[in-house]
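We count ligands from 1, going down the list as the structure has it; atoms in each ligand are counted the same way.
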Amino acid sequence: MIRIAIQSKGRLSEESLALMNEAGIKIDELKRKFLSRAVNFPLEVLYLRDDDIPGVVEEESADLGIVGYNEVAETGADVKIVRKLGFGACRISIAIPKDQEYTGPQFLSGKRIATSYPNVLEAWLEENGVDAEIQKIMGSVEIAPAAGIADAIFDIVSSGGTLVSNGLKEVEVVLRSEAVLIAGNNMSEEKQQILDSMLFRFDAVENSRGKKYILMNLPTEKVEEAVKILPAMRSPTVMPLAAEGWCSLHSVVHESELWDKIERLKAIGAEGILILNLDKVIE
Ligand code: PRT
Ligand code: ZN
(Lines give C-alpha, C1' and ligand atoms only; values in the text may rest on other atoms or scores of the structure.)
(Ligands and ions follow the chains in the order given, each with its own letter.)
Protein backbone atom coordinates (compact mmCIF):
# COMPACT_ATOMS: atom_id res chain seq x y z
CA MET A 1 0.00 0.00 0.00
CA ILE A 2 1.23 3.49 -0.90
CA ARG A 3 -0.26 6.82 0.22
CA ILE A 4 -0.52 9.92 -1.96
CA ALA A 5 -1.43 13.41 -0.71
CA ILE A 6 -3.35 15.61 -3.12
CA GLN A 7 -5.06 19.00 -2.83
CA SER A 8 -8.54 18.61 -1.36
CA LYS A 9 -10.15 21.67 -2.95
CA GLY A 10 -8.52 24.00 -5.40
CA ARG A 11 -6.94 24.39 -8.78
CA LEU A 12 -4.99 21.13 -8.74
CA SER A 13 -7.53 18.73 -7.18
CA GLU A 14 -9.59 17.89 -10.27
CA GLU A 15 -6.58 17.29 -12.49
CA SER A 16 -4.79 15.24 -9.84
CA LEU A 17 -7.79 12.90 -9.61
CA ALA A 18 -8.21 12.91 -13.40
CA LEU A 19 -4.60 11.77 -13.84
CA MET A 20 -5.16 8.80 -11.53
CA ASN A 21 -8.43 8.02 -13.23
CA GLU A 22 -6.78 8.05 -16.68
CA ALA A 23 -4.12 5.74 -15.25
CA GLY A 24 -6.92 3.27 -14.43
CA ILE A 25 -6.78 3.91 -10.66
CA LYS A 26 -10.35 4.19 -9.42
CA ILE A 27 -11.02 6.36 -6.40
CA ASP A 28 -14.55 6.53 -5.11
CA GLU A 29 -15.12 10.28 -5.15
CA LEU A 30 -18.61 10.06 -3.74
CA LYS A 31 -17.06 8.72 -0.59
CA ARG A 32 -14.37 11.40 -0.61
CA LYS A 33 -13.21 11.82 2.97
CA PHE A 34 -9.98 12.95 4.55
CA LEU A 35 -8.53 9.60 3.48
CA SER A 36 -9.92 7.26 0.83
CA ARG A 37 -8.78 4.03 -0.81
CA ALA A 38 -8.49 3.16 -4.47
CA VAL A 39 -10.66 0.17 -5.33
CA ASN A 40 -8.34 -1.53 -7.81
CA PHE A 41 -4.83 -0.38 -6.89
CA PRO A 42 -2.85 -0.48 -3.61
CA LEU A 43 -3.19 3.28 -3.10
CA GLU A 44 -4.63 5.55 -0.41
CA VAL A 45 -5.47 9.17 -1.13
CA LEU A 46 -5.01 11.80 1.58
CA TYR A 47 -6.79 15.11 0.87
CA LEU A 48 -4.95 18.16 2.21
CA ARG A 49 -4.40 21.89 1.70
CA ASP A 50 -1.64 22.29 -0.86
CA ASP A 51 0.63 24.16 1.59
CA ASP A 52 0.79 21.08 3.83
CA ILE A 53 1.65 18.53 1.13
CA PRO A 54 5.46 18.95 0.85
CA GLY A 55 5.92 18.74 4.65
CA VAL A 56 3.69 15.69 5.01
CA VAL A 57 5.70 13.88 2.33
CA GLU A 58 9.00 14.96 3.85
CA GLU A 59 8.06 13.55 7.25
CA GLU A 60 6.62 10.43 5.57
CA SER A 61 2.99 10.67 6.70
CA ALA A 62 2.40 10.31 2.95
CA ASP A 63 4.74 8.56 0.50
CA LEU A 64 3.84 10.71 -2.49
CA GLY A 65 2.24 14.06 -3.20
CA ILE A 66 0.90 16.07 -6.11
CA VAL A 67 1.52 19.78 -5.58
CA GLY A 68 2.63 22.94 -7.38
CA TYR A 69 6.42 23.18 -7.62
CA ASN A 70 6.03 26.67 -6.10
CA GLU A 71 4.93 25.08 -2.80
CA VAL A 72 7.92 22.72 -2.80
CA ALA A 73 10.25 25.68 -3.36
CA GLU A 74 8.58 27.80 -0.67
CA THR A 75 8.54 25.16 2.04
CA GLY A 76 12.07 23.99 1.17
CA ALA A 77 10.92 20.44 1.98
CA ASP A 78 13.51 17.74 1.42
CA VAL A 79 11.61 15.65 -1.14
CA LYS A 80 12.33 14.20 -4.58
CA ILE A 81 10.61 15.58 -7.70
CA VAL A 82 9.64 12.33 -9.43
CA ARG A 83 7.76 13.74 -12.44
CA LYS A 84 6.60 17.06 -13.84
CA LEU A 85 2.92 16.54 -14.56
CA GLY A 86 2.20 19.13 -17.25
CA PHE A 87 -0.76 20.87 -15.59
CA GLY A 88 -1.15 23.81 -13.18
CA ALA A 89 1.42 25.86 -15.07
CA CYS A 90 2.11 29.29 -13.60
CA ARG A 91 4.96 31.55 -12.55
CA ILE A 92 5.74 33.58 -9.46
CA SER A 93 6.58 37.10 -10.49
CA ILE A 94 7.28 40.54 -9.13
CA ALA A 95 4.76 43.15 -10.23
CA ILE A 96 4.66 46.90 -9.69
CA PRO A 97 2.09 49.65 -10.41
CA LYS A 98 1.89 49.95 -14.20
CA ASP A 99 2.69 53.67 -14.38
CA GLN A 100 6.11 53.23 -12.73
CA GLU A 101 9.29 52.68 -14.68
CA TYR A 102 11.13 49.50 -13.70
CA THR A 103 14.88 49.97 -13.86
CA GLY A 104 15.99 46.49 -12.75
CA PRO A 105 16.20 44.69 -9.39
CA GLN A 106 17.62 47.77 -7.63
CA PHE A 107 14.29 49.52 -8.26
CA LEU A 108 13.01 47.39 -5.37
CA SER A 109 15.62 48.59 -2.84
CA GLY A 110 13.97 50.00 0.27
CA LYS A 111 10.51 49.08 -1.06
CA ARG A 112 7.83 46.94 0.63
CA ILE A 113 6.90 43.77 -1.29
CA ALA A 114 3.74 41.85 -0.35
CA THR A 115 3.73 38.08 -0.89
CA SER A 116 2.59 34.65 0.27
CA TYR A 117 5.99 33.28 -0.85
CA PRO A 118 8.47 35.03 1.50
CA ASN A 119 11.18 32.34 1.31
CA VAL A 120 11.39 32.22 -2.48
CA LEU A 121 11.35 36.02 -2.56
CA GLU A 122 14.02 36.37 0.10
CA ALA A 123 16.36 34.05 -1.81
CA TRP A 124 15.86 36.05 -5.02
CA LEU A 125 16.41 39.40 -3.27
CA GLU A 126 19.61 38.10 -1.72
CA GLU A 127 20.85 36.71 -5.03
CA ASN A 128 20.29 40.10 -6.62
CA GLY A 129 21.74 42.10 -3.74
CA VAL A 130 18.47 43.93 -3.09
CA ASP A 131 17.55 45.14 0.38
CA ALA A 132 13.74 45.27 0.47
CA GLU A 133 11.08 44.70 3.11
CA ILE A 134 8.98 41.52 2.76
CA GLN A 135 5.35 41.76 3.88
CA LYS A 136 3.84 38.32 4.30
CA ILE A 137 0.11 38.23 3.50
CA MET A 138 -1.81 35.07 2.81
CA GLY A 139 -4.51 36.21 0.38
CA SER A 140 -5.51 39.05 -1.98
CA VAL A 141 -1.87 40.01 -2.45
CA GLU A 142 -2.73 41.81 -5.68
CA ILE A 143 -4.67 44.57 -3.90
CA ALA A 144 -1.77 45.45 -1.54
CA PRO A 145 -0.29 48.29 -3.67
CA ALA A 146 -3.67 50.01 -4.25
CA ALA A 147 -4.45 49.62 -0.54
CA GLY A 148 -1.15 51.35 0.31
CA ILE A 149 0.17 48.31 2.19
CA ALA A 150 3.01 47.63 -0.25
CA ASP A 151 4.91 49.13 -3.20
CA ALA A 152 5.16 45.88 -5.16
CA ILE A 153 3.90 42.31 -5.01
CA PHE A 154 5.40 38.88 -5.57
CA ASP A 155 2.60 36.51 -6.54
CA ILE A 156 1.45 33.72 -8.80
CA VAL A 157 0.63 34.77 -12.35
CA SER A 158 -1.01 32.64 -14.96
CA SER A 159 -2.85 34.60 -17.67
CA GLY A 160 -1.80 37.97 -16.21
CA GLY A 161 -5.45 39.11 -16.06
CA THR A 162 -5.42 39.66 -12.29
CA LEU A 163 -2.40 41.96 -12.54
CA VAL A 164 -3.98 44.03 -15.32
CA SER A 165 -7.26 44.44 -13.50
CA ASN A 166 -5.36 45.68 -10.44
CA GLY A 167 -3.30 48.23 -12.37
CA LEU A 168 -0.06 46.24 -12.04
CA LYS A 169 2.60 45.03 -14.49
CA GLU A 170 4.87 41.99 -14.29
CA VAL A 171 8.54 43.01 -14.16
CA GLU A 172 10.47 39.90 -13.05
CA VAL A 173 9.62 36.21 -13.49
CA VAL A 174 11.36 34.57 -10.54
CA LEU A 175 10.13 30.97 -10.64
CA ARG A 176 8.28 28.87 -13.22
CA SER A 177 6.02 26.20 -11.80
CA GLU A 178 3.72 23.32 -12.70
CA ALA A 179 2.20 20.44 -10.75
CA VAL A 180 4.81 17.86 -9.77
CA LEU A 181 4.72 14.37 -8.29
CA ILE A 182 6.92 14.33 -5.20
CA ALA A 183 8.20 11.44 -3.06
CA GLY A 184 10.00 11.02 0.22
CA ASN A 185 13.66 10.07 0.23
CA ASN A 186 13.42 6.73 2.04
CA MET A 187 10.91 4.55 0.29
CA SER A 188 10.71 0.83 1.04
CA GLU A 189 11.31 -1.67 -1.76
CA GLU A 190 7.62 -2.62 -1.76
CA LYS A 191 6.46 0.99 -2.09
CA GLN A 192 9.04 1.69 -4.76
CA GLN A 193 7.53 -1.14 -6.82
CA ILE A 194 4.04 0.31 -6.50
CA LEU A 195 5.42 3.73 -7.47
CA ASP A 196 7.13 2.23 -10.53
CA SER A 197 3.89 0.69 -11.68
CA MET A 198 2.08 4.04 -11.19
CA LEU A 199 4.80 5.84 -13.16
CA PHE A 200 4.51 3.33 -16.00
CA ARG A 201 0.80 4.22 -16.24
CA PHE A 202 1.33 7.99 -15.81
CA ASP A 203 3.93 7.94 -18.59
CA ALA A 204 1.53 6.11 -20.93
CA VAL A 205 -1.11 8.78 -20.25
CA GLU A 206 1.44 11.55 -20.75
CA ASN A 207 2.71 10.03 -24.00
CA SER A 208 -0.77 9.95 -25.47
CA ARG A 209 -1.42 13.65 -24.82
CA GLY A 210 -1.79 15.68 -27.98
CA LYS A 211 -1.50 12.60 -30.20
CA LYS A 212 -4.03 11.26 -32.72
CA TYR A 213 -4.30 7.94 -34.49
CA ILE A 214 -4.71 8.41 -38.22
CA LEU A 215 -5.69 5.84 -40.85
CA MET A 216 -6.37 6.20 -44.55
CA ASN A 217 -6.56 4.44 -47.86
CA LEU A 218 -3.75 5.14 -50.26
CA PRO A 219 -2.62 3.99 -53.71
CA THR A 220 0.16 1.44 -53.02
CA GLU A 221 2.59 3.28 -55.28
CA LYS A 222 2.35 6.33 -52.99
CA VAL A 223 3.34 4.52 -49.78
CA GLU A 224 6.95 5.61 -49.94
CA GLU A 225 5.98 9.28 -50.18
CA ALA A 226 3.45 8.85 -47.36
CA VAL A 227 6.08 7.33 -45.07
CA LYS A 228 8.17 10.48 -45.50
CA ILE A 229 5.22 12.62 -44.42
CA LEU A 230 4.30 10.34 -41.49
CA PRO A 231 7.25 9.19 -39.42
CA ALA A 232 5.62 7.09 -36.66
CA MET A 233 6.99 5.43 -33.52
CA ARG A 234 8.84 3.01 -35.77
CA SER A 235 7.24 3.39 -39.16
CA PRO A 236 3.61 3.52 -40.27
CA THR A 237 1.69 0.26 -40.52
CA VAL A 238 0.78 -0.61 -44.12
CA MET A 239 -1.89 -3.23 -44.91
CA PRO A 240 -3.13 -4.37 -48.33
CA LEU A 241 -6.77 -3.70 -49.22
CA ALA A 242 -9.04 -6.03 -51.22
CA ALA A 243 -9.07 -3.47 -54.03
CA GLU A 244 -5.93 -3.99 -56.05
CA GLY A 245 -3.34 -1.20 -56.04
CA TRP A 246 -4.63 0.20 -52.76
CA CYS A 247 -3.51 -0.17 -49.17
CA SER A 248 -4.48 1.04 -45.72
CA LEU A 249 -1.94 3.10 -43.81
CA HIS A 250 -2.01 3.67 -40.02
CA SER A 251 0.09 6.04 -37.98
CA VAL A 252 0.24 8.36 -34.95
CA VAL A 253 0.47 12.11 -35.44
CA HIS A 254 0.83 15.01 -33.05
CA GLU A 255 -2.18 17.30 -33.03
CA SER A 256 -0.06 20.34 -33.83
CA GLU A 257 0.99 18.82 -37.17
CA LEU A 258 -2.26 17.06 -37.99
CA TRP A 259 -3.82 19.40 -40.55
CA ASP A 260 -0.58 20.06 -42.36
CA LYS A 261 0.02 16.31 -42.75
CA ILE A 262 -3.55 15.62 -43.85
CA GLU A 263 -3.29 18.21 -46.61
CA ARG A 264 -0.04 16.68 -47.85
CA LEU A 265 -1.50 13.16 -47.72
CA LYS A 266 -4.62 14.22 -49.62
CA ALA A 267 -2.38 15.79 -52.24
CA ILE A 268 -0.73 12.42 -52.93
CA GLY A 269 -4.09 10.62 -53.19
CA ALA A 270 -5.08 9.57 -49.64
CA GLU A 271 -8.80 8.89 -49.22
CA GLY A 272 -11.16 7.88 -46.42
CA ILE A 273 -8.96 9.47 -43.77
CA LEU A 274 -10.02 8.65 -40.17
CA ILE A 275 -8.64 10.42 -37.13
CA LEU A 276 -9.13 8.76 -33.74
CA ASN A 277 -8.35 9.78 -30.18
CA LEU A 278 -5.53 7.88 -28.52
CA ASP A 279 -6.03 6.68 -24.99
CA LYS A 280 -2.62 5.37 -23.91
CA VAL A 281 0.76 5.09 -25.60
CA ILE A 282 3.29 2.59 -24.29
CA GLU A 283 6.66 3.03 -25.96
O1 PRT B 1 -6.78 25.72 -0.10
P2 PRT B 1 -5.40 25.46 -0.58
O3 PRT B 1 -4.32 26.06 0.30
O4 PRT B 1 -5.19 24.00 -0.87
O5 PRT B 1 -5.32 26.18 -2.02
P6 PRT B 1 -4.69 27.57 -2.46
O7 PRT B 1 -5.78 28.57 -2.49
O8 PRT B 1 -3.45 27.89 -1.72
O9 PRT B 1 -4.19 27.23 -3.94
P10 PRT B 1 -4.96 27.22 -5.33
O11 PRT B 1 -5.96 26.14 -5.40
O12 PRT B 1 -5.38 28.62 -5.70
O13 PRT B 1 -3.71 26.89 -6.29
C14 PRT B 1 -3.06 25.67 -6.19
C15 PRT B 1 -1.84 25.70 -7.11
O16 PRT B 1 -2.26 25.93 -8.45
C17 PRT B 1 -0.84 26.80 -6.86
O18 PRT B 1 0.04 26.51 -5.79
C19 PRT B 1 -0.10 26.86 -8.19
O20 PRT B 1 0.90 25.85 -8.24
C21 PRT B 1 -1.18 26.48 -9.20
N22 PRT B 1 -1.70 27.63 -9.98
C23 PRT B 1 -1.75 27.67 -11.33
C24 PRT B 1 -2.22 28.78 -9.53
C25 PRT B 1 -2.59 29.55 -10.64
N26 PRT B 1 -2.29 28.83 -11.75
C27 PRT B 1 -3.20 30.86 -10.44
N28 PRT B 1 -3.50 31.52 -11.41
N29 PRT B 1 -2.43 29.24 -8.27
C30 PRT B 1 -3.01 30.44 -8.09
N31 PRT B 1 -3.38 31.28 -9.11
C32 PRT B 1 -4.02 32.58 -8.70
C33 PRT B 1 -2.98 33.64 -8.31
O34 PRT B 1 -2.74 33.58 -6.92
C35 PRT B 1 -3.66 34.96 -8.65
O36 PRT B 1 -4.54 35.39 -7.65
O37 PRT B 1 -4.72 33.16 -9.76
C38 PRT B 1 -4.48 34.57 -9.85
C39 PRT B 1 -3.70 34.95 -11.09
O40 PRT B 1 -4.23 34.35 -12.20
P41 PRT B 1 -4.20 35.12 -13.62
O42 PRT B 1 -4.65 34.07 -14.60
O43 PRT B 1 -5.17 36.26 -13.52
O44 PRT B 1 -2.79 35.60 -13.89
ZN1 ZN C 1 -2.57 26.93 -0.24
Location of contacts on Leu12 toward ligand 1, heavy atoms closer than 4.0 Å: side chain
Cationic tip of Lys111 above Phe107 ring, under 6.0 Å, 45° of axis: yes
Subset of ligand 1 atoms that lie under 4.0 Å from at least one heavy atom of Gly10: 11 (O)
Per-atom contacts of ligand 1 with Ser159, taking only distances under 4.0 Å to non-hydrogen atoms: 41 (P), 42 (O), 43 (O), 44 (O)
Minimum-distance protein heavy atom relative to atom 18 (O) of ligand 1: Asn70 ND2, 2.9 Å
Non-hydrogen atoms of Thr220 and Cys247 that approach each other most closely: OG1-N, 3.9 Å
Exercise: do Tyr102 and Glu170 side chains pair donor with acceptor under 3.5 Å: no
Side-chain hydrophobic cluster, 4.5 Å single linkage: members besides Trp246: Leu241
Heavy-atom neighbours of Arg176 CZ exceed 12 at 6.0 Å: no
For Gly68, atoms of ligand 1 separated by under 4.0 Å from a heavy atom: 20 (O)
Atoms of ligand 1, numbered as shown, that sit under 4.0 Å from any heavy atom of Gly160: 41 (P), 42 (O), 44 (O)
Protein contact of atom 33 (C) of ligand 1 - nearest heavy atom, named by residue and atom, plus distance: Ile156 O, 3.5 Å
For atom 40 (O) of ligand 1, the protein heavy atom that lies nearest, with its residue and separation: Thr162 OG1, 3.7 Å
Asp203 and Arg83 ion-paired at < 4.0 Å: yes
N, O or S atom of Asp50 closer to the Zn ion (ligand 2) than 2.8 Å: yes
Winner among Arg91, Met138, Arg11, Glu142 once heavy atoms are compared against atom 24 (C) of ligand 1: Arg11
Sub-3.5 Å N/O-N/O distance, Gln7 and ligand 1: yes
Residue Asp51 atom name (nearest to the Zn ion (ligand 2); N/O/S): OD1
Taking atom 8 (O) of ligand 1 as the reference point, the nearest protein heavy atom with its distance: Asp50 OD1, 3.3 Å
Per-atom contacts of ligand 1 with Val157, taking only distances under 4.0 Å to non-hydrogen atoms: 44 (O)
Residue pair Glu190 / Gln192, side-chain donor-acceptor N/O under 3.5 Å: no
Candidate list Ile94, Thr115, Leu163, test side chain to side chain contact (heavy atoms under 4.5 Å, CB included), partner Ile153, passing option: Leu163
Worked check of side chain to side chain donor-acceptor pair (under 3.5 Å) between Asn277 and Lys212: CA-CA 5 Å; Asn277 284 329; Lys212 300 284 176 193; 2.5 Å; yes
Presence of salt bridge, Lys191 and Asp63, under 4.0 angstrom: yes
Heavy-atom proximity to atom 26 (N) of ligand 1, best of Ser177, Cys90, Ala95, Ser116: Cys90
Steps toward side chain to side chain donor-acceptor pair (under 3.5 Å) verdict (Asn166, Glu142): CA-CA 7 Å; Asn166 285 281; Glu142 65 280 359; 4.9 Å; no
Nearest-neighbour protein heavy atom for atom 1 (O) of ligand 1, which is reported as residue plus atom name and distance: Arg49 NE, 3.5 Å
Atoms of ligand 1 close to Gly161 [distance to a heavy atom under 4.0 angstrom, numbered from 1]: 43 (O), 44 (O)
